[in-house]
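Here is the structure we will look at, set down as structure tokens.
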Amino acid sequence: MKRNQITESSIKELVDAFYIKVRQDHALGPVFDGVIGTTSEAWKTHLQRMYAFWSSLMLRSRKYKGNPHQKHKDLPTFDLQLFDRWLSLFAQTVREIHTEEVATMYIERSEMIASSLKLSVEIGQKERQ
């Protein structure tokens with residue numbers, strides 16, 4: 001049964017399911033593993049950060065204490081079209097877990113976030129040229 005509300009538990013379920021797909025994806029997996037690492041401990045740290053990030057966005061919990069723009073600006077150069085792949089996997093995952101109404105809220109947020117973070121990555125890549 002699909003979840004019809006956003007909770008800390010549903011956020012964890014979504015983040016875990018999504019990043020399993022990311023790590024298995026032939027295009028996204030190497031990029032994420034290259035930045036985060038391949039160990040369980042490295043991924044545990046990243047997942048904890050993502051639980052807090054999505055909790056802050058969707059539940060206004062203020063758990064996330066970071067600067068995602070700077071983090072993304074500092075990433076090594078990669079193909080910016082991967083943002084589209086990220087969005088596609090995210091939408092697919094959220095629709096598997098949540099009702100369409102809740103999924104739409106997540107998808108709208110993810111599209112705004114991706115657009116904003118993509119600009120940060122572009123700036124970082126231009127600065128390194």
Side-chain angles (χ1 to χ4, degrees):
M1 185 166 145
K2 293 187 179 187
R3 294 177 176 259
N4 64 357
Q5 53 181 222
I6 301 168
T7 64
E8 295 292 347
S9 175
S10 72
I11 288 169
K12 184 179 183 312
E13 180 182 357
L14 172 62
V15 168
D16 289 345
F18 172 64
Y19 280 104
I20 287 170
K21 290 179 184 181
V22 165
R23 291 190 75 189
Q24 293 172 347
D25 188 83
H26 71 280
L28 291 172
V31 174
F32 277 81
D33 283 347
V35 172
I36 295 167
T38 58
T39 67
S40 296
E41 191 59 36
W43 272 92
K44 180 180 176 185
T45 300
H46 179 71
L47 294 173
Q48 292 292 330
R49 190 175 300 120
M50 293 300 94
Y51 304 150
F53 179 78
W54 284 104
S55 174
S56 293
L57 282 175
M58 303 307 287
L59 299 174
R60 296 194 169 121
S61 68
R62 298 184 178 198
K63 289 183 175 187
Y64 181 75
K65 308 287 187 222
N67 185 341
H69 289 281
Q70 189 63 51
K71 286 274 190 192
H72 285 78
K73 184 180 172 194
D74 294 341
L75 290 174
T77 300
F78 65 91
D79 182 353
L80 296 179
Q81 290 184 340
L82 289 176
F83 274 96
D84 293 334
R85 181 72 186 139
W86 185 96
L87 284 168
S88 175
L89 277 180
F90 187 80
Q92 175 189 23
T93 308
V94 78
R95 283 190 171 111
E96 291 169 359
I97 293 171
H98 285 285
T99 60
E100 191 59 32
E101 181 181 346
V102 174
T104 298
M105 290 188 295
Y106 268 110
I107 291 166
E108 288 173 354
R109 283 282 169 94
S110 69
E111 289 171 349
M112 289 187 299
I113 292 163
S115 176
S116 178
L117 293 179
K118 187 176 180 180
L119 288 174
S120 296
V121 171
E122 287 176 315
I123 290 167
Q125 290 182 0
K126 287 179 182 175
E127 287 176 353
R128 288 188 294 279
Q129 289 178 349

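Computed from a predicted structure; not experimentally measured.
A pairwise comparison of heavy atoms in Ile107 and Ser110 identifies O-OG, 2.8 Å as the closest pair. Scanning all heavy atoms of the two residues, the minimum distance from Asn4 to Val102 falls at O-CG2, 3.4 Å. In this structure, Ser61 and Ser56 approach most closely via the heavy-atom pair OG-N, 3.4 Å.
Looking only at side-chain heavy atoms (C-beta outward), His98 and Met105 stay at 4.5 Å or farther from each other. Residues Tyr19 and Leu47 form a side-chain contact, since some pair of their non-hydrogen atoms from C-beta on lies under 4.5 Å apart. No side-chain heavy atom of Tyr51 sits less than 4.5 Å from a side-chain heavy atom of Glu8. Between Glu100 and Thr104 there is a side-chain heavy-atom pair separated by less than 4.5 Å. Counting heavy atoms from C-beta on, the side chains of Thr93 and Tyr106 never come closer than 4.5 Å.
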Contacts table for residues 29-40: side-chain donor-acceptor under 3.5 angstrom, sequence neighbours left out:
{"unit_1": "Asp33", "atom_1": "OD1", "unit_2": "Arg23", "atom_2": "NE", "d": "3.3"}
{"unit_1": "Asp33", "atom_1": "OD1", "unit_2": "Trp43", "atom_2": "NE1", "d": "3.2"}
{"unit_1": "Thr39", "atom_1": "OG1", "unit_2": "Ala42", "atom_2": "N", "d": "3.0"}

For residues 79-90, please give each side-chain donor-acceptor pair under 3.5 Å, one per line with the distance, not counting sequence neighbours.
{"unit_1": "Asp79", "atom_1": "OD1", "unit_2": "Gln81", "atom_2": "N", "d": "2.9"}
{"unit_1": "Arg85", "atom_1": "NE", "unit_2": "Asp25", "atom_2": "OD1", "d": "2.7"}
{"unit_1": "Arg85", "atom_1": "NH2", "unit_2": "Asp25", "atom_2": "OD1", "d": "2.7"}

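Between Met58 atom CE and Phe53 atom CZ the span is 10.5 Å, to the nearest 0.5 Å. His46 NE2 to Gln48 CD: the interatomic distance, rounded to the nearest 0.5 Å, is 11.5 Å. Taken from CE in Met50 to CG in Leu57, the straight-line distance is 9.5 Å, to the nearest 0.5 Å.
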**Item:** Audit row: Val121, Phe78, side-chain contact (heavy atoms from CB on, under 4.5 Å) steps and yes/no
**Value:** CA-CA 9 Å; Val121 171; Phe78 65 91; 3.9 Å; yes
**Request:** List the steps, then state whether side-chain contact (heavy atoms from CB on, under 4.5 Å) holds for Trp54 with Ile113.
**Result:** CA-CA 11 Å; Trp54 284 104; Ile113 292 163; 3.8 Å; yes
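A 6.0 Å sphere centred on NZ of Lys71 holds no more than 12 heavy atoms belonging to other residues, nucleotides or ligands. Lys44 NZ: 12 or fewer foreign heavy atoms inside a 6.0 Å radius.
Side-chain contact, Gln5 with Ser10: no donor N or O sits under 3.5 Å from an acceptor N or O.
Note on Leu59 and Ile97: same hydrophobic cluster, where clusters join Ile, Leu, Val, Met, Phe, Trp and Tyr whose side-chain heavy atoms are under 4.5 Å apart, directly or indirectly.
Between the side chain of Lys2 and the main chain of Arg95, a donor-acceptor pair closer than 3.5 Å is present. Listed for the Arg128 side chain is a donor-acceptor partner under 3.5 Å among the backbone atoms of Gly124.
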